[in-house]
J.: 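Quick one: this structure, given as structure tokens, is what I'll be asking you about.
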Amino acid sequence: MSEAVFSAMCSGETQYLAEAPASGSAEDAQLTLWALYEQHYRGFEDVAGELEWDPQLISVRRGLEQEFEATLRSRMPSVPDPEGFEETFFEFVAGHDGPSLAAHVHRKATEEQVRELLRHRTVYHLKEADHTTWVIPRLSDQVKAAVMELQFDEYGNGDPNRLHAHLFVRGLQDSGLNSEYGAYINEAPLEVLEENNAMSLFGLNRRLRAASLGFLAAFEATSSAPSRRMAQGLQRLGFPDSMIEYYTEHVEADAVHEQLAVRTICGALLEEEPALHDDIYLGAFSAMDLADRYAHRMLAQWAA
Ligand SMILES: [Fe+2]
Ligand SMILES: [Fe+2]
């Protein structure tokens with residue numbers, strides 16, 4: 001499928017995609033979906049800009065999205081009661097037990113393993129926070145202002161050198177890694193593609209705005225403490241200060257962001273639209289579950 005879709009994207013001859021090509025594997029489907037979404041972010045040098053809204057490509061994307069959304073929904077455990085949302089949400093996140101890559105990096109990981117992890121993380125961190133930006137025009141004034149407060153921080157408070165994505169660029173460069181956008185996409189395992197595609201799926205579909213904000217809330221609420229362990233692990237291995245700084249920046253920033261995301265964003269959204277309650281948990285659970293799946297893969301691979 002990716003071969004058929006990529007060649008259609010490069011040649012512009014998308015009419016041959018009228019019959020959606022069958023996907024060869026989960027990786028094949030997710031890589032195709034990633035590339036179709038990527039047209040809405042930075043695009044590709046060898047793909048014409050008009051193809052962003054090409055009906056055949058959008059139709060292939062829709063098919064892949066429907067399948068992926070059904071998969072994400074099928075993985076969901078039961079959703080907690082809507083009563084006392086904020087405390088319940090924090091409990092839901094705290095009660096989620098998954099393997100920790102940050103703990104491994106903190107104490108045991110080799111430099112080679114951490115470099116592999118950083119290469120995989122480029123897929124998200126080089127466009128950090130962008131998926132949440134899609135949601136902004138779809139929100140009420142109150143929720144929008146709160147999302148903007150968080151996003152302004154992610155985007156460096158007006159200073160291009162403080163953008164979180166840019167902090168990661170500097171860390172990569174000083175670590176001797178390629179900081180070019182998309183440079184390591186061919187190395188990304190299925191779980192990384194799924195995580196990135198879930199963010200785009202929730203961000204680009206207005207009806208899934210609550211899932212997008214729930215994803216954000218769980219992501220922020222599981223970031224501060226692991227970021228400290230990442231920073232300590234990078235220090236142990238002698239990584240450059242700029243790479244360490246990316247993570248120390250997130251220790252404090254995300255302790256603030258989690259409160260904003262859970263209370264001022266998701267809490268306020270629910271007061272306006274209580275029917276979106278379960279979708280907040282779809283996003284939150286997906287954020288944690290997809291991180292677990294990636295951690296499982298990497299820890300098993302490294303143990304072997
Ligand atoms: Fe960030
Ligand atoms: Fe954050």
Side-chain angles (χ1 to χ4, degrees), residues 41-42 86 89-90 93-94 96 101-102 105 117-136 139 143-175 177 179 181 192 195-196 198-200 202-203 209 211-234 239 241-269 280 283-284 286-288 290-291 294:
Y41 293 92
R42 303 276 196 96
E86 289 153 22
F89 187 90
F90 279 121
V93 171
H96 181 92
L101 278 179
V105 170
L117 180 69
L118 294 172
R119 292 197 300 273
H120 292 164
R121 290 198 167 166
T122 59
V123 180
Y124 174 58
H125 290 324
L126 294 181
K127 61 173 181 213
E128 186 160 326
D130 287 349
H131 64 105
T132 306
T133 304
W134 299 123
V135 185
I136 295 169
L139 302 170
V143 181
K144 184 185 282 178
V147 173
M148 278 305 297
E149 185 181 345
L150 196 157
Q151 291 296 86
F152 193 55
D153 215 19
E154 298 285 347
Y155 287 150
N157 295 297
D159 177 355
N161 293 308
R162 300 302 303 169
L163 235 88
H164 289 181
H166 193 74
L167 295 177
F168 201 69
V169 164
R170 287 207 328 234
L172 291 172
Q173 286 170 345
D174 294 345
S175 306
L177 290 161
S179 64
Y181 189 85
V192 168
E195 183 181 39
N196 279 273
M199 294 188 227
S200 299
F202 298 151
R209 61 198 177 282
S212 180
L213 297 178
F215 191 106
L216 171 73
F219 197 89
E220 298 289 354
T222 52
S223 166
S224 179
S227 290
R228 174 171 288 125
R229 305 184 98 172
M230 283 294 299
Q232 288 167 339
L234 290 166
F239 273 83
D241 289 346
S242 54
M243 196 72 251
I244 297 165
E245 200 206 330
Y246 170 85
Y247 286 97
T248 48
E249 170 79 19
H250 282 84
V251 175
E252 284 200 20
D254 288 349
V256 175
H257 292 173
E258 72 174 46
Q259 296 297 321
L260 247 179
V262 175
R263 298 179 195 279
T264 325
I265 295 173
C266 290
L269 179 73
I280 287 189
S286 298
M288 296 189 291
L290 290 166
Y294 174 63

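When a ligand or atom number is given, it counts from 1 through the structure's own listing order. Reckoned from all heavy atoms, side chains included, excluding hydrogens, waters and symmetry mates.
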J.: Just so I know, are the side chains of Met243 and Leu118 near enough to count as touching, which here means a heavy-atom distance under 4.5 Å?
T.: yes
J.: What is the name of the N/O/S atom of His164 that is nearest to the Fe ion (ligand 1)?
T.: ND1
J.: Please report the closest heavy-atom contact between Trp134 and Gly203, naming both atoms and the distance.
T.: CB-O, 3.0 Å
J.: Is the shortest heavy-atom distance from the side chain of Gln151 to the side chain of Thr132 under 4.5 Å?
T.: yes
J.: From the N, O or S atoms in His250, identify the one nearest to the Fe ion (ligand 1).
T.: NE2
J.: For the rings on Tyr124 and His131, is their centre-to-centre separation under 6.0 Å?
T.: yes
J.: Quick one: the ND1 of His257, the Fe ion (ligand 2), OE2 of Glu154 angle, rounded to 10°, please.
T.: 90°
J.: Let me check your reading of the structure: within less than 2.8 Å of the Fe ion (ligand 2), is there an N/O/S atom from Asp153?
T.: no
J.: Please find the N/O/S atom of Asp254 nearest to the Fe ion (ligand 2) and write down its name.
T.: OD1
J.: Is the His250-Tyr246 ring centre distance short of 6.0 angstrom?
T.: yes
J.: Taking the N/O/S atoms of Glu128 one by one, which is nearest to the Fe ion (ligand 1)?
T.: OE2
